[in-house]
2 protein chains.
Amino acid sequence: MRAPTERQPAPETSDRILDAAEALFVEHGFEATTMRMITSRADANIAAVNYHFGSKDALIQEVFKRRLTELNRQRLAKLDRLEAEAKGAPLKPSRIVEAFFGTALEMAADTEHGGHTFMRLLGRTYTEPNGFVRQFLAEEYAEAVERFLTALYRALPDVPREEILWRFHFMMGAMSYAIAGTDALQLFAGKFDDAAPERLLPRLMSFLLGGLRAPLPGQGVPGENGKGAPTRP
Amino acid sequence: MRAPTERQPAPETSDRILDAAEALFVEHGFEATTMRMITSRADANIAAVNYHFGSKDALIQEVFKRRLTELNRQRLAKLDRLEAEAKGAPLKPSRIVEAFFGTALEMAADTEHGGHTFMRLLGRTYTEPNGFVRQFLAEEYAEAVERFLTALYRALPDVPREEILWRFHFMMGAMSYAIAGTDALQLFAGKFDDAAPERLLPRLMSFLLGGLRAPLPGQGVPGENGKGAPTRP
DNA sequence: CCATGAATCAAACGATTGATTGAATCATAC
DNA sequence: GTATGATTCAATCAATCGTTTGATTCATGG
């Protein structure tokens, strides 16, 4: 009467639970989302979560694994294609950044299949205190981060690796906020006239590349070397 | 026997509770931090929180108010000084960015008086799902955001305001991750050789200004217009 | 020395949490 | 039609949550 033998593709109930949990986690966070809220929204019995997944923590992991594995698979596929086309030459930084962050934004733009919901969840989970969630995310990301960092190191051989590391970190932060969008913090409530996701990608990409290619922090005082206005392309 | 009459400056117990709560919130989040954990760490009775603050939610607000009011006061003071020196002329964007984000990083660099702990908490709270926390933060930030946005609008008259709004948003995200630093996500575990906070400020500032002054996303394909390498100053 | 109110304390409150039980129901194969 | 195993169900478990209580201790002023 315990764990189901996985023969069938999916009996639907576990998927409804995953979808309900995903949406509720975005809305209330992990701790504040109760099993009863999840099963109620999924039209399932309270015992269904433990039957299908084993525990609440295992359910959380499954919510992430379902989407994150696919996201990083797409990212690495794009990187593979770029490297194949380059035939051994270093890639352009803009291509690398677009492969990593653009893929994430594409998933975030997909409101039909829950991709948008998940990316909002992912963005706020990067800073999740919960230990096991963080460790799980780190493992799931390990390969992709390694590959993309290596590509960036090759693309920018004159830039100290530590600097690239930090800027990659900063870019992750900017992307998180970009996806969280208006609902991250009501700081800009009523100020965003246009939250169209199709305009978000070029906006974020310009910002990220501007940051990545910024003058290195050196002897010069930052901000003293330019007119300070963005240039029209 | 209810709320204390505020005659004395501070009987010490409420401060110990605030410090303990601040540290525990960073470590475990709001929900996962129990009253018993707080009062135990603060060497106080379990009833002390409700006696001094009224409720757990009120305690959370007080933890933020204590530091955030001071942070935004410093930010606005710097902006006031810059505007006084400029005598009506528009400010340089780099000065504005430094006044807003630099002040935050200064507080984050202060490990002596809990500033570092608080800024880590603040960074991860920007994406907090909890409704009342978000609304409280928004109110506490309203004036500063308004003032700094206005200054940026004046400093960059040729840039669409919506673009400035988004880039300010992106900058907030990058700063959050910068402060969360290594402990945000173990994605880069073991890769940061140098987490010295005094080098973080110039690093972040270069990145932010690079992003703020990046070419606007227009007709041109992003990333097709440059060599893609950061320039030495 | 005692009166007064702030502060602390141990103990308990009802409510809700994630998890578990054993029986009931369902689908499928023979 | 009946056996078999997967799934669902109502009911309940112990544990823990934030909060409250009433008594006790402490500090201070007259």
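We name chains A, B, ... by the order of the sequence lines, and we start the count at 1 in each one. Note that this is a predicted model, so its numbers are computed, not measured.
Atom C1' of nucleotide dT16(C) and atom NE2 of His28(A) are separated by 16 Å, given to the nearest angstrom. Across the protein-nucleic acid pair, Asn45(A) atom CG and dT8(D) atom C1' stand 6 Å apart, rounded to whole Å. Rounded to an integer number of Å, the gap from CD of Glu12(B) to P of dC26(D) is 16 Å. Going from atom CZ of Phe132(B) over to atom C1' of dG18(D) covers 13 Å, rounded to whole Å. Between the OH atom of Tyr51(B) and the P atom of dT21(D) there is a distance of 15 Å, given to the nearest Å.
Between the side chain of Arg16(A) and the backbone N or O of Asp43(A), at least one donor-acceptor pair lies under 3.5 Å. A donor-acceptor pair is defined here as one N or O able to donate and one able to accept, closer than 3.5 Å; no such pair exists between the side chain of Thr103(B) and the backbone of Gln74(B).
Remark: Thr13(A) is not in phosphate contact with dT7(D), judged by side-chain N or O atoms under 4.0 Å from OP1 or OP2. An OP1 or OP2 oxygen of dT8(D) is reached within less than 4.0 angstrom by a side-chain nitrogen or oxygen of His52(A).
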Pick out the pairs of N or O atoms, protein on one side and nucleotides 17-19 of chain C on the other, that lie under 3.5 Å.
unit_1	atom_1	unit_2	atom_2	d
dG18(C)	OP1	Lys56(A)	NZ	2.7
dG18(C)	OP2	Met35(A)	N	2.9
dG18(C)	N7	Arg36(A)	NH1	3.0
dG18(C)	O6	Arg36(A)	NH2	3.0
dA19(C)	OP2	Lys56(A)	N	3.0

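When heavy atoms are screened at a 4.0 angstrom cut-off, Ala47(B) is found touching base atoms of the nucleic acid.
Proximity of the aromatic rings of Phe100(A) and Phe168(A) is defined here by a centroid distance below 6.0 angstrom, and this criterion is met.
Side chain to side chain, Tyr177(A) and Tyr177(B) fail the donor-acceptor criterion of an N or O pair below 3.5 Å.
A salt bridge does not link Arg67(B) with Glu62(B): none of the charged nitrogens is closer than 4.0 Å to a carboxylate oxygen.
With contacts defined as side-chain heavy-atom distances shorter than 4.5 Å, the pair Leu201(B)/Met205(B) qualifies.
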